[in-house]
Amino acid sequence: MTGTPASGAPATDPAEAVDRALAAIARYERPDLDERLRVSRTRVLDGRVRVLVVGEFKQGKSMLVNGLVGAPVCPTFDDIATAVPTVVRHAESVTVTLVRRGGPGTEPVRVDVPAADLAAHVCEQGNPGNREGWSHVEVGVPRPVLAGGLELVDTPGVGGLQSVHGAATMAALPSADAVLLVSDASQEYTAPEIEFLRHAASVCPTVACVLTKTDLYPESARIAELNRGHLAAAGITAELFEVSSTLRWHAVVAGDTEANAESGFPALVGYVRKRVLGQADRIARRGVVHDVLAVTDQIAGSLRAELTAQDPEAAAALMAGLTAAQERATALKERSARWQQTLNDGVADLNADIDYDLRDRMREISRLAEDELAAVGDPTKVWDQFAGWVQQEVANAAAANFVWATQRARHLAQQVAEHFSSDRDQLLPALRNDPSDALRSVRQMTMPDAAAFGVGAKALTGLKGGYMGMLMFGMMGSILFGSLVNPIGIGAGIVMAGKSVGDERKRIVTKRQNEAKTAAKRYVDDVTFQVGKDSRDRLRAVQRDLRDHFTEQAEQLKRSLAESQQAAERAVKQSHAERAARHAEITAQLAELEAVRADARALLPRPAARAAQARPEQAVAS
């Protein structure tokens with residue numbers, strides 16, 4: 001922890017402002033408010049900013065990350081794709097850590113490996129399909145651009161944004177502070193890319209687009225204009241940057257400033273620093289300002305109440321006002337409080353809506369799967385493609401359901417916050433929004449073993465059918481030809497043999513289709529069960545987080561009002577000399593608190609600081 005700045009020197013960062021506030025309220029013995037400030041300080045110091053780098057297969061994502069960092073942190077190959085998400089963050093020395101999720105209630109497994117072995121674990125060549133089961137890889141490098149808490153995540157793009165990997169990336173969107181969509185200059189945006197941007201813009205505060213490989217395609221400027229048109233038509237507000245990672249890397253190696261300017265990276269780096277890191281810093285500062293002003297306002301409220309109570313004429317009105325305010329604060333803690341009702345009803349509605357949405361999406365996939373199986377004939381011939389399609393659609397549906405649940409949960413948090421203050425953004429807790437891992441608990445969809453209908457089986461089936469045909473129609477032919485073996489019987493036998501083989505083939509195909517439908521339905525049902533359970537657990541966690549957060553807010557307010565009332569009662573009973581001495585002491589303490597508040601407001605631009613000052617936390621609604 002940094003030392004508390006001198007009283008005459010303004011705080012230069014949010015942590016110093018919190019330190020000054022902690023020192024100012026230490027004498028008042030309010031551990032609840034003290035803990036609130038310490039949590040705020042921890043949040044500021046931790047302050048990581050997570051940026052997802054996403055895109056289709058082989059669009060230059062890894063090269064872009066290397067260019068932003070100025071170091072070869074992500075392996076790049078012409079014909080090999082990234083298989084494991086790579087998280088690049090600041091470290092004092094180069095480190096590489098492989099991370100695998102543990103079981104329920106267990107810590108993740110972390111394995112440190114040499115930097116030279118990174119490619120063997122994160123690329124398709126060394127780890128095809130991520131068969132090693134790593135959830136992600138953490139790479140630490142000492143680079144200034146990462147020193148401010150920036151984390152760059154190089155995501156797999158194997159199979160496109162509509163693949164299972166793409167669905168996993170979409171599910172990770174709520175955990176990101178910003179998204180960079182990477183697409184090369186070979187073609188304009190595709191429909192999946194536009195749809196992905198829509199999802200990203202709905203849950204991420206910052207979304208930008210990067211057009212790579214501009215040095216390889218002469219028509220890159222025209223592609224950029226077409227892409228800007230697609231963004232405008234879709235109503236997506238996102239800046240687009242044209243870059244060349246090859247030129248950037250040449251500039252880094254050779255120290256060529258002209259090549260660096262031509263690469264387009266300076267504008268992108270400036271955007272990341274100002275819009276992404278700058279936005280996160282502004283949010284952190286607003287949070288600190290809100291917490292410092294709220295805490296000092298509660299302390300100052302008690303002092304001002306005691307000061308006002310020294311005037312006998314104003315004491316009666318003050319006591320009545322404090323009593324009414326304390327009753328409202330007590331009502332906020334009751335289970336019947338309006339915010340509690342809003343929270344409980346909202347979670348119940350959200351559970352029903354999310355469950356219905358998930359089941360509706362999965363039921364539609366089951367219907368489409370049945371129609372597809374009816375059209376393809378024998379499912380064993382196309383099983384790999386069919387199973388991959390079902391898993392892809394299921395993953396997309398689960399990811400879309402998770403994103404929608406995140407949006408609804410945030411909206412519910414805002415509705416609950418309205419019962420406390422109009423300053424909703426600052427009152428909201430950090431809701432849990434880690435990507436879902438429910439699909440990993442579902443067994444893969446497998447086709448049941450089907451009996452082969454080979455030459456021997458066909459011959460036996462044909463022989464049985466031909467024998468019955470000869471037996472049935474040979475008797476009729478014997479009347480004309482005088483023999484059981486006659487042309488009519490032989491012809492009928494051949495026809496019946498062919499029909500028997502055809503009927504048996506149809507029966508086997510129908511049986512295989514039914515088994516395939518059952519396997520697909522079982523897989524969809526398993527996913528629905530696991531994802532539904534995961535959604536309910538997440539919503540319960542959201543409910544607990546919101547309940548605990550706002551209950552703590554109500555308790556802090558109730559205690560502050562109770563202490564204000566007690567201070568006012570003591571002031572009424574004081575003698576004239578005691579009042580005079582206490583008046584001077586209170587005035588000095590209020591001046592000290594006001595200095596702390598002014599110090600905190602200085603962290604924000606003047607209009608924002610005035611807005612923060614105009615929202616005292618004690619102005620609550622029941």
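If you take CG on Leu350 and CZ on Arg538, they are separated by 13.0 Å, rounding to the nearest 0.5 Å. Distance OG/Ser263 to CG/Asp215: 10.0 Å, rounded to 0.5 Å. The distance from the CG atom of Asp112 to the CZ atom of Arg110 is 7.5 Å, given to the nearest 0.5 Å. Taken from CG in Asp349 to CG in Leu412, the straight-line distance is 9.0 Å, to the nearest 0.5 Å. How far CZ of Arg522 is from CG of Asp526: 8.0 Å, rounded to the nearest 0.5 Å. To the nearest 0.5 angstrom, Ile236 atom CD1 is 9.0 Å from Leu181 atom CG.
A donor-acceptor pair under 3.5 Å links the side-chain atoms of Ser366 to the main chain of Met362, judged by distance alone. Although no hydrogens or angles enter the test, the distance criterion places a donor-acceptor pair under 3.5 Å between the side chain of Asn66 and the main chain of Cys74.
No side-chain heavy atom of Gln340 sits less than 4.5 Å from a side-chain heavy atom of Val416. Counting heavy atoms from C-beta on, the side chains of Asn351 and Arg536 come closer than 4.5 Å. Considering only heavy atoms from C-beta on, Val207 comes within 4.5 Å of Leu197 through its side chain. In this structure, the side chains of Ser244 and Thr212 stay at 4.5 Å or more apart for every pair of heavy atoms. The closest side-chain heavy-atom distance from Phe265 to Val210 is not below 4.5 Å. Looking at Leu240 and Leu211, their side chains come closer than 4.5 Å, going by heavy atoms from C-beta outward. Between Trp404 and Gln407, some side-chain heavy-atom pair lies under the 4.5 Å cut-off. Considering only heavy atoms from C-beta on, Arg222 stays 4.5 Å or farther from Glu225 through its side chain.
Exactly one residue among Val87, Leu118, Val99 makes a side chain to side chain contact (heavy atoms under 4.5 Å, CB included) with Val137. That residue is Leu118.
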Item checked: Check against salt bridge (Lys or Arg N to Asp or Glu O under 4.0 Å), Glu239 and Arg275 -> CA-CA 11 Å; Glu239 293 193 39; Arg275 289 289 301 276; 3.1 Å; yes
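The two atoms that bring Ala267 and Phe241 nearest to each other are O-CE2, 3.7 Å, heavy atoms only. In this structure, Leu358 and Asn401 approach most closely via the heavy-atom pair N-ND2, 3.4 Å.
Around NZ of Lys521, the count of heavy atoms belonging to other residues, nucleotides or ligands within 6.0 Å does not exceed 12. Annotation for Arg359: atom CZ does not count as buried by contact number, only 12 or fewer foreign heavy atoms lying within 6.0 Å.
A search for ring pair (Phe, Tyr, Trp, His ring centres under 6.0 Å) contacts involving Tyr189 returns nothing, not counting sequence neighbours. For Asp353, the salt bridge (Lys or Arg N to Asp or Glu O under 4.0 Å) partners are Arg408, not counting sequence neighbours.
Looking only at atom types and distance, the side chain of Gln279 has no donor-acceptor partner in the side chain of Asp177 under 3.5 Å away. Thr86 and Asp154 are not linked by any side-chain donor-acceptor pair at a separation below 3.5 angstrom, with hydrogens and angles left out of the test.
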